[in-house]
Structure formats: C-alpha cells, structure tokens
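Residue numbering restarts at 1 for every chain, and letters A, B, ... go by the order of the sequence lines.
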Protein chains: 2
Amino acid sequence: MSNIREVAKRAGVSIATVSRAFTNPDKVSQSSLKKVMDAVDEVGYRPNMMARNFRSTKSYAVVVLVPDFANLFFSKVIRAIQETGQKHGYNILLGETRDSKEREADYLKLVETRQADGVIQLSPHIPEQELLPHPHISAVAACGACDTPYASVRMDHIAASFSIVNYLISMGHRKIGCISGLSDNPHSRDRLKGYKQALAKAGIDFDDSLLYEGNFTMQSGHDAGVYFAQLSQRPTAVFSMNDLMAVGAIKSFKEHNIRVPQDISITGFDDLDFATYTDPALTTIRQPAEEMGKKAMLLLLQILDGKPPTQQEFILKHEFVLRDSVVQFSG
Amino acid sequence: MSNIREVAKRAGVSIATVSRAFTNPDKVSQSSLKKVMDAVDEVGYRPNMMARNFRSTKSYAVVVLVPDFANLFFSKVIRAIQETGQKHGYNILLGETRDSKEREADYLKLVETRQADGVIQLSPHIPEQELLPHPHISAVAACGACDTPYASVRMDHIAASFSIVNYLISMGHRKIGCISGLSDNPHSRDRLKGYKQALAKAGIDFDDSLLYEGNFTMQSGHDAGVYFAQLSQRPTAVFSMNDLMAVGAIKSFKEHNIRVPQDISITGFDDLDFATYTDPALTTIRQPAEEMGKKAMLLLLQILDGKPPTQQEFILKHEFVLRDSVVQFSG
DNA sequence: TTGTAGGCGTTATCAA
DNA sequence: TTGATAACGCCTACAA
C-alpha cells in the first residue's frame with residue numbers, strides 16, 4: 001500500500017503535483033502527468049480515500065434507516081437510493097432498525113461521528129419518539145405517512161386507500177373488512193382514515209367488528225383471515241393495508257373453503273412483484289418505490305450541498321392497479 | 001462541531017488526556033476524567049471517526065456484494081451480516097451488483113481506496129470472470145455454489161437438490177420436470193447435478209425436454225409452467241431451483257386448469273417466508289441464510305484481525321422442509 | 001506549471 | 001498520571 005509520497009518520489013515530482021494529477025489533471029503539464037501515471041502504475045497506487053475524505057470533512061456516505069430489510073418494498077426503495085447515490089459518488093450504509101429506537105440512535109451516531117454525511121429515514125414519523133430532526137444531522141424522510149419536521153418524500157396514503165375502498169364500494173360491497181397494521185403506525189392511521197372516509201361518503205356505518213389489527217406480516221394477515229372467516233356476518237370484501245397481509249388472508253380463506261374472489265373479494269397495498277402471482281392476482285395500490293428512493297437521495301444530496309430544498313414536502317402519485325381479486329357483489 | 005482541542009482547552013487538560021479519556025479511561029485520573037466529560041457535554045463533542053479511522057488505517061466498514069436486493073434470500077443473509085458486524089463495531093456498505101462485473105469492480109475499489117476493510121461476496125463464483133481473490137482485498141464468499149480460491153461459507157447444493165428430487169421419486173414420480181436458473185450460473189449447475197444424480201440412481205433416463213431454463217425470477221417460472229403445461233407428455237412433478245420460480249409455475253399451472261398438487265407436484269428451493277403461504281404450501285429446501293451470513297461475517301472479521309481461517313471452506317447444513325406441494329403419484 | 005509547507009483530528013511515543 | 005509532539009495521507013494556499 002503505497003502513498004502519494006512514494007509516487008512523487010518515483011515520478012520525480014512533488015507531492016502536490018501527484019495530488020493535482022488526480023484531482024485537477026488539466027493543471028498539470030502533459031509530461032508531468034505521464035510521469036505520475038507511470039509511477040502510479042508501477043507502485044500500484046490508489047488514493048487513500050480515508051485521508052482524502054478526512055481532509056475534506058466529508059465521508060461521502062449516507063445511512064439508510066430502514067425498519068425491515070426483508071421487506072421487498074424497501075428493497076426497491078433502497079436500490080433506487082443506491083443507484084442515485086452512486087452516480088454522485090455516495091455510498092450507502094445500511095441501517096436496519098427493526099423498530100428499535102436504540103438501534104436507530106446508534107446509526108444516527110454515524111453521522112454525528114462523521115462516518116456518514118446524512119440520513120434517509122424510511123420509518124414512518126412518530127412525533128413523540130422521533131430522534132429527528134437533529135441539529136447536526138442532515139436528514140430526509142421517505143415513504144412516510146404524515147408530514148415530518150424535515151424534508152420528506154411520500155405519497156398520500158389517505159387518498160390511496162380512499163380510492164381503493166371506494167372501488168370496492170363501487171363494486172357493490174358494503175360489508176368491507178379491514179386488515180390494518182399496528183394501530184399506532186402512521187401508515188395504519190392514514191390508511192384507516194381513507195377507509196373510513198370512503199365508507200362515510202357511501203353512507204356506510206363504520207363497524208368496529210370488521211376491523212382487524214395486524215402488523216403488516218403475512219402471518220398476521222392469516223390470523224385476520226381466520227377471524228373474518230369465523231365471523232357470523234362475514235364481510236364480502238376485505239381491504240388489506242398491504243399485499244403481504246392480503247396473501248396471508250387469502251391463504252386462510254382458502255383453508256376455510258371460502259373462494260377468493262367469488263365468496264370474498266380482497267385488495268392489497270404496495271404492489272410488490274408477487275402481487276401478480278398470487279391466486280387471484282391482487283388488485284392493489286402501487287407505491288412509487290423507485291421514484292421515492294431516487295427523489296429522497298437527490299433531496300439529501302441537495303441539502304448536503306448546502307442548498308435548502310425548495311419545498312419541505314414532495315407528494316408522489318400512487319397508482320391504482322386493477323387485477324383479479326375483486327368481483328362484483330350481487331347479494 | 002468541536003474537536004478534541006477545544007475539549008482539552010475547556011477541561012484544562014491536554015488533548016492527549018482527552019483522547020485517553022475516551023479510549024483508555026482507566027489510564028486517566030478520576031478528576032481529569034470528570035473534567036473531560038463535563039467539557040464534552042458542554043461543547044457537545046463527538047470524536048471524529050474519520051480522523052480516528054484514518055489514523056488507525058481501518059475504516060470499520062465492510063462491503064457486501066449482492067446480486068439482487070429484491071431477493072428475500074439475500075435480505076436475510078445481509079441482515080445477519082449486519083447484526084454480526086454491528087456487534088463488532090463494523091458497518092455495512094451496500095453493493096448491489098445486478099450481475100455487472102463493472103459495478104462489482106466499482107465496489108471493490110472501495111476496499112482498494114480504504115473506504116472499506118473487506119468484502120463479502122454473495123454472488124456465486126465463476127472462475128473465468130471472477131475479480132476475487134485480489135492481492136490487497138480481504139474477502140469471504142458466502143452462499144456460493146462451488147469452492148472459491150478464498151474463504152467461503154456455503155451449503156451443498158448438489159446434495160440438497162439430490163435429496164429433494166429423490167423425495168419426488170420416492171413419491172412415485174418418474175417424469176420429473178426441472179426449472180433451472182441460467183445454465184451458466186453455478187447454482188444452476190450444481191442443482192442440476194443433484195437432479196441428474198437422483199434420476200440416475202433411480203434408473204430414470206435424463207430427458208432434455210423436461211429441462212426448462214429460467215433465471216430465478218417468478219416470471220421465468222411462469223414461462224416454465226406454460227412450457228410444461230403445453231407438453232404432450234406432461235411431467236407429473238416439477239423440481240424448481242428456487243421458490244420464486246415455483247410460485248410462477250404454480251400460477252401458470254392454475255391458469256391451465258392443472259391442479260397443484262393433484263395433477264402436478266412441485267418443489268421449491270430456499271424456503272423463503274412466503275413458501276408457507278403459497279397455495280399449496282411449498283415443499284422445499286431451507287438454506288441456512290442467517291447462519292451463512294453470520295458465519296461469513298465472523299470469518300471476515302477473523303481475517304481482518306490477521307488470523308487466517310482454520311479452514312478454507314465451511315459447508316453448512318440444509319434442511320428438507322415438507323409441506324403440501326407434493327403428492328403421491330399413482331399413474 | 002511547479003514545489004514548499006501547514007493543517008485536518010486523532011493516536012501513540014516518549015519524557016517528565 | 002500527564003503533556004508535548006510527531007506522525008497518518010492528503011489537499012491547498014502561497015510563493016516561486
């Protein structure tokens with residue numbers, strides 16, 4: 001592992017010239033440049049980025065705070081973040097929090113200790129327990145539900161769930177079950193609002209017994225399915241707050257010999273890749289995962305560049321995806 | 001953003017003492033320690049890890065080279081890597097390669113330029129195009145197929161696929177289709193070997209028309225399903241080289257009104273979370289994802305610590321997972 | 001166009 | 001137990 005000094009000696013020039021040859025080649029004469037590059041090849045020199053970054057007080061790394069790495073939705077977002085970051089010379093440090101504020105604080109420390117320049121927060125914002133914003137931490141929130149006290153990129157979950165529940169109603173359903181995420185999750189709250197608004201608009205009373213609280217996992221969706229299947233007054237359609245739970249619910253409906261969608265319709269949320277491959281294929285809401293990831297990274301880059309964002313909040317459009325899991329109700 | 005000098009001044013001690021207070025508290029008197037800590041609180045000091053790492057010539061970061069983020073199998077592995085790394089003070093830099101050697105080289109550069117201390121390679125090893133081992137790069141391979149010229153953690157894919165195809169045969173199947181990954185993928189090769197060995201052992205001739213080359217995606221599994229469905233001599237069972245393709249195939253069988261498993265049995269590989277929730281639940285091979293991730297990280301840590309591993313290769317055990325996608329054939 | 005030299009924040013060596 | 005000081009590798013005024 002050679003350093004710049006060795007290259008300089010070998011090339012018969014000064015350290016400064018070698019440095020310039022890398023960062024500002026046009027400020028170096030052709031002959032010097034050649035001598036330097038030859039020497040570089042000879043000794044196999046690579047600039048020490050740790051030194052360079054240290055010197056420039058920038059780490060060129062960004063931490064992505066993600067609740068659950070094994071959630072395909074986040075995988076997509078992270079991919080977009082990485083691609084965008086890479087184009088601008090930034091690396092991505094993984095920070096899986098698994099909903100632990102302690103772990104989150106640990107990752108935030110990476111910024112405080114200068115191992116990262118900023119943070120992209122993928123967990124939804126819960127004011128009471130939020131560690132961000134932090135005076136010394138550049139941060140952007142993405143994929144959240146409500147607005148945050150710092151820049152964010154998200155979609156309108158109320159409107160999205162409103163539209164899909166509305167669709168269910170337009171298909172003749174009036175007894176519509178709801179599988180929610182944990183009730184204190186902001187996404188759950190917003191999507192529940194949309195559900196209730198759609199019911200209200202159609203003059204349907206909200207029925208507490210049709211609301212089942214899951215936690216966004218397939219398992220909890222399955223549990224919800226069992227619950228609905230055993231209800232004496234079974235719903236004719238179910239609005240699931242994500243695709244994963246919908247899959248679990250479908251599974252348990254089938255186990256109870258309830259046909260989907262003939263006996264019960266169901267909708268999802270997220271439009272994960274496998275939503276096309278479930279049986280039946282899921283009618284769902286597509287979240288613009290890639291767009292959110294990309295936009296979030298660009299926003300953070302801008303902030304790191306010292307330019308405050310023009311808007312605090314960027315709301316991206318969702319998409320209604322029609323497939324086969326909903327059928328006209330004719331009771 | 002204050003530095004150690006400021007803390008020293010404030011505490012009325014030397015910078016050396018401040019440094020020791022952090023790295024070697026017991027070498028500092030109680031009174032000095034208190035003075036330092038008070039000063040630290042006052043000015044909100046955080047050690048600059050960039051400087052510290054620079055000084056120690058270690059970045060405490062490790063790059064994980066992963067072909068595809070949106071593959072839940074890798075998500076699990078990476079999670080285990082991160083958890084293990086974190087316990088030892090290491091951070092994880094994400095490196096999604098998407099099978100591009102160019103991108104891979106970019107990430108490897110992170111190690112050459114000292115932004116990372118080592119690499120965990122999750123792509124299977126293909127000797128002709130392999131960038132590793134590299135003289136200056138500490139690396140460990142995980143989840144690969146064949147042996148690598150550097151330390152690796154993997155399972156025996158030949159044995160695993162042998163066992164599951166053997167199970168199919170024991171259930172009376174003799175016409176067994178195979179959905180493989182790309183034929184030049186080492187995993188595909190090994191699993192194909194296991195498939196062929198099981199057939200051979202049962203005295204069944206290998207039939208080329210029963211082999212469909214996919215690429216490990218659901219879409220390609222679906223294509224395979226279409227292919228098998230339209231075959232005049234349809235197989236009675238299908239060995240899919242991963243769960244994802246099995247899901248795709250099941251979908252297309254159903255579209256062709258072929259019942260699974262009554263009309264055709266199928267098996268998967270990986271045992272992803274959703275393998276329980278497919279219809280029918282998948283009989284499959286569980287890869288020890290977490291164990292491989294953890295072991296790989298520990299191995300790399302050991303190498304970074306200057307201790308060469310006791311073995312070059314660690315073969316972890318797979319597990320046969322019996323569920324509902326295979327049924328006795330009684331033709 | 002080039003070289004000299006100072007400094008980034010930390011740790012480690014060596015004396016005191 | 002402490003402090004002064006020399007690195008670590010690089011960049012960048014500044015001067016030549």
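Distance NZ (B:Lys27) to P (D:dT2): 12 Å, rounded to an integer number of Å. Here the P atom of nucleotide D:dA7 and the CD1 atom of B:Ile4 are 19 Å apart, to the nearest Å. Rounded to whole angstrom, the span from the CZ atom of A:Arg5 across to the P atom of D:dC10 amounts to 8 Å. Atom P of nucleotide D:dT2 and atom NZ of B:Lys9 are separated by 20 Å, given to the nearest angstrom. Atom CD in B:Gln115 sits roughly 13 Å away from atom P in D:dC10 (whole-Å rounding). Taking atom CG of B:Asn24 as the reference point, atom P of D:dT2 lies 13 Å away to the nearest angstrom. One interatomic measurement links the two molecules: CE of A:Met50 to C1' of D:dC8, which rounds to 10 Å at whole-angstrom precision. Taking atom CD1 of A:Ile15 as the reference point, atom P of D:dC11 lies 11 Å away to the nearest angstrom.
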For B:Glu83 and A:Arg98, run salt bridge (charged side-chain N to carboxylate O under 4.0 Å, His left out): C-alpha distance rounded to whole Å, both residues' side-chain angles, the deciding distance at 0.1 Å, then the answer. CA-CA 11 Å; B:Glu83 279 181 357; A:Arg98 300 248 215 161; 3.3 Å; yes
Given side-chain hydrogen bond (donor to acceptor under 3.5 Å, both in side chains), test B:Ser29 with B:Ser32 step by step and report yes or no. CA-CA 5 Å; B:Ser29 70; B:Ser32 291; 3.1 Å; yes
Test side-chain hydrogen bond (donor to acceptor under 3.5 Å, both in side chains) on B:Ser100 and B:Thr97; report intermediate values, then the result. CA-CA 5 Å; B:Ser100 149; B:Thr97 60; over 6 Å; no
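The local environment of CD in A:Gln311 is crowded, with over 12 non-hydrogen atoms from other residues, nucleotides or ligands closer than 6.0 Å.
Side-chain contact check for B:Tyr107 and B:Gln115: no donor-acceptor pair (N or O, by modelled atom type) lies under 3.5 Å.
Side-chain nitrogen and oxygen atoms of B:Thr17 include at least one within less than 4.0 Å of the OP1 or OP2 phosphate oxygen of D:dG3. Between B:Ser14 and the phosphate of D:dT2, there is no side-chain N or O to OP1/OP2 separation shorter than 4.0 Å.
In this structure, B:Ser56 reaches neither bases nor backbone, as no heavy-atom distance under 4.0 Å exists between it and the strands shown. Within 4.0 Å of A:Ser29, counting heavy atoms only, lie sugar-phosphate atoms of the nucleic acid but no base atom.
No close placement of the B:Phe73 and B:Phe216 rings is indicated, their centers lying 6.0 Å or farther apart.
Reading DNA chain C from its 5' end, the first and the last nucleotide to sit under 4.0 Å from a heavy atom of chain A are C:dT1 to C:dG9.
A salt bridge does not link A:Glu6 to A:Lys9: none of the charged nitrogens lies less than 4.0 Å from a carboxylate oxygen.
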